[in-house]
Amino acid sequence: MRSVTIGSRGRSNLTGDVILAVFAQVQHKQPLGMDLLLAKYVHDAPAVDRIINVMPTWLNDESFQRKDLALALSCIALDVFCDKPVASQKRQLAALWRNHSVMLIFVACKQQKSVYCPLLMNLKY
């Protein structure tokens, strides 16, 4: 692995191969940490699946009375960590999309008259 060099102004030059080497070390030493990085920043669905599959193993090691509730809270915590909306937010976002999506398309088509909008063929500007 190449060393990180310091530029003339004190900035370090991180090249792509250095970053990949660091990720390889993280994946080798902390596979769960790498899965968390992939889930949060790359939106990698298999990484999320691996995290969810290992959660019951962690919860079996602890002395919880309600393991089902602990698993549900762990999944919500993972969603929050990955910056995904939780269930109540999904319902609100879906309602906003239903109420305002046609208006957003209408405004976009009005601003760019060259855009083909098949949904709005019958609407008049």
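If you're wondering where the values come from, they're calculated on a predicted model, not measured in any experiment. Positions are given from 1 along the sequence.
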Counting only pairs under 3.5 Å, give me each side-chain donor-acceptor contact of residues 50-60, with atom names and distances, residues two or more places apart or in other chains.
residue : atom : partner : partner atom : Å
Arg50   : NE   : Asp35   : OD1          : 3.1
Arg50   : NE   : Asp35   : OD2          : 3.2
Arg50   : NH2  : Asp35   : OD1          : 2.7
Asn53   : ND2  : Asp49   : O            : 3.1
Asn60   : ND2  : Pro56   : O            : 3.2

Please check if Val48 and Phe81 belong to a single hydrophobic cluster, counting links between Ile, Leu, Val, Met, Phe, Trp and Tyr side chain heavy atoms closer than 4.5 Å. yes
Same apolar cluster (I L V M F W Y, side chains within < 4.5 Å links), Val42/Leu20: no
Applying side-chain contact (heavy atoms from CB on, under 4.5 Å), can you list everything that pairs with Gln30, at least two apart in sequence or on another chain? none
Where Ala47 and Ala39 come nearest, the two heavy atoms and their spacing: CB-N, 4.3 Å
Can you give each donor-acceptor pair under 3.5 Å made by side-chain atoms of residues 68-79, sequence neighbours left out, with the distance rounded to 0.1 Å?
residue : atom : partner : partner atom : Å
Asp68   : OD1  : Arg66   : NE           : 3.2
Asp68   : OD2  : Arg66   : NH2          : 3.3
Ser74   : OG   : Ala70   : O            : 2.8

Nearest 0.5 angstrom please: Lys84 NZ to Lys90 NZ, how far? 8.0 Å
How long is the straight-line distance from CG of Leu36 back to CG of Asp44, given to the nearest 0.5 Å? 11.5 Å
Under 3.5 Å: donor-acceptor pair, side chain of Gln89, backbone of Val86: yes
